[in-house]
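Chain A is the first sequence line, chain B the second, and so forth, proteins listed ahead of strands; every chain is numbered from 1. Note that the structure is predicted; figures quoted are calculated from it, not measured.
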Protein chains: 2
Amino acid sequence: MMNNIFVTLYKDFAEKIDSGILAPGSKLPSEHDLAQHYEITRETVRKGLNLLAQNGYIHKVKGKGSFVLERDRYNFPVSGLVSYKEMTERMGKLSNTLVYVTECTHAGEFISKQLQISADTKVWRVVRAREIDGERIILDIDFLLASVVPHLSKEITGQSIYEYLEKELNLKISYAKKVISVERATGMDYEYMDIGEDTHVVVVRGYVHLEDTTLFQYSESRHRLDKFQFVDFARRENTLSF
Amino acid sequence: MMNNIFVTLYKDFAEKIDSGILAPGSKLPSEHDLAQHYEITRETVRKGLNLLAQNGYIHKVKGKGSFVLERDRYNFPVSGLVSYKEMTERMGKLSNTLVYVTECTHAGEFISKQLQISADTKVWRVVRAREIDGERIILDIDFLLASVVPHLSKEITGQSIYEYLEKELNLKISYAKKVISVERATGMDYEYMDIGEDTHVVVVRGYVHLEDTTLFQYSESRHRLDKFQFVDFARRENTLSF
DNA sequence: CAGTGGTCTAGACCACAGC
DNA sequence: CTGTGGTCTAGACCACTGA
């Protein structure tokens, strides 16, 4: 129930493009026309259109207009900060979460470095496998500051941690840095995932910050090689050109 | 020599943050103050600040202000559409490009599918290895529409193709989709890269579009497992919340 | 309460595309 | 030339922060 006009415009067109009502290549009404239709200013129209452009829905050309891009709904980024649960739901895939560990412990040497805290700081440690089509293909290991998240349980970690944090604790997650690399599989990988003969896994390290910039979560998402995919949409910043 | 005021503001602060003059955690002047200082409107100030926020330089909090984020200059995205040459230059690394193939040929079955053209369309095929510290760790295979790029040579591909396209041919590259996955190494990988006993490589497939939305380039950037890294900075879109 | 960022208005001038 | 998107102005009101 929020009433940002430019978000409304964004959603209107995102919906139309996703559903195919607006075909790829077709031209949007001009900013001037949209302003009249929505009874708003052109600057406000532009905010909505820029949001569409950022998310790969449309492409704007000076002097010509805005055009719908080809964008397959499922195989698309939406950027990294979407949880596994949201993603599988979007793909309509059958999935299952296996919770192996939900404990409160001390950070220890490695985690204290990642979270930039002292080694005896209390953190929640959560280990979960993500099962799709009967195979455990992702191993998620999460560490969350206990000072930020006082309580966790197997019921919560079995669902979505983020949903709990945002809806119950009213925490505001703001931004994250993710680092993707390929590393040798560990004993935990062999134990908690179905990786067969593979010697390596894809590791996505996540550093998640709250609105006050607190680094409150470090996570490792370990993927089986053959099931890993990451899609990125990027615009050439002709605006900048350093 | 372009005079967008908000880009000037962006560059000013990006520079100050990169050089360390503005330390992480420090507070920027308020939008009102910046508007006065630059003698521009607050809306224009905001465009510059939003650009800084998008690129991970700062973080804005309603009611409080804008704050400098920790952002190591080298290990940062700048998003995908930066060529290998630009990247190594940014890191100050010693690098070398080995050109194996620069030929004009027919697209063939696989490439015609990737570029959505017919199999007998003429395309340039470029195969290059990227050598860093004496090891060939990246294999770049590029296919470019000959109708868009009429001429190529070993001299050009040995430097930067993008620089040639933008500066000589005045082509405007607009956006790209990249797909990262891990795949079995091929005979070409073993021949043109130093991958030793590895059985897999990281493959980054790129689909590059011009300003008129033409898909004019398909590329495969094949990386040795231990030298691959991809960094992503993402904001949680609290604006949207579908 | 004053200060901050978020949104929006009603204009203006510019650069570019295409006829 | 008209129509398009890109930039910018000089205001306004709102929601949030913190003293």
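- A:Tyr38 and A:Gln36 form no side-chain donor-acceptor contact under 3.5 Å, judged by distance and modelled atom types alone.
- A sub-4.0 Å separation between OP1 or OP2 of D:dG6 and a side-chain N or O of A:Arg46 is present.
- Side-chain atoms of B:Asn4 and B:Lys47 form no donor-acceptor pair, as typed in the model, at a separation below 3.5 Å.
- In this structure, B:His32 atom NE2 and D:dC16 atom C1' are separated by 18 Å, rounded to whole Å.
- Of the two residues contacting DNA chain D, namely B:Gly63 and B:Ile5, the nearest-nucleotide position lying further toward the 5' end is that of B:Ile5.
- With rounding to whole Å, A:Leu51 atom CG is found 14 Å from C:dG6 atom P.
- Of the listed nucleotides (D:dC16, C:dT9, C:dC8), D:dC16 has the atom at the smallest distance from the side chain of B:Lys62.
- A:His59 has its NE2 atom 17 Å from the P atom of D:dT4, to the nearest Å.
- Atom CZ in A:Phe67 sits roughly 11 Å away from atom C1' in D:dG5 (whole-Å rounding).
- Nucleic acid contact for B:Ile40: sugar-phosphate only, since backbone atoms but no base atoms lie under 4.0 Å from a heavy atom of the residue.
- A side-chain donor-acceptor contact under 3.5 Å links B:Thr157 and B:Thr102.
- The phosphate of C:dT9 (OP1 or OP2) has a side-chain N or O of A:Thr44 nearer than 4.0 angstrom.
- Residue A:Thr41 has no polar side-chain atom (N or O) positioned under 4.0 Å from OP1 or OP2 of C:dC8.
- Across the protein-nucleic acid pair, B:Lys47 atom NZ and D:dG6 atom P stand 9 Å apart, rounded to whole Å.
- Look at B:Asp212 and B:Lys172 and you find no salt bridge, because none of the NZ, NE, NH1 or NH2 atoms lies under 4.0 Å from a carboxylate O.
- With hydrogens and angles left out, the side-chain atoms of A:Thr97 and A:Arg130 include a donor and acceptor closer than 3.5 Å.
- Between B:Ser30 and C:dG3 there is no side-chain N or O to OP1 or OP2 distance below 4.0 Å.
- Judged by distance alone, with hydrogens and angles left aside, B:Arg42 brings a side-chain donor or acceptor within reach of the base of C:dG6, the pair sitting under 3.5 Å.
- When each of A:Val61 and A:Glu43 is assigned the nucleotide of DNA chain C with its nearest heavy atom, A:Glu43 is the one assigned upstream, toward the 5' end.
- For the pair A:Lys64 and C:dG18, the criterion of a side-chain N or O lying under 4.0 Å from OP1 or OP2 is met.
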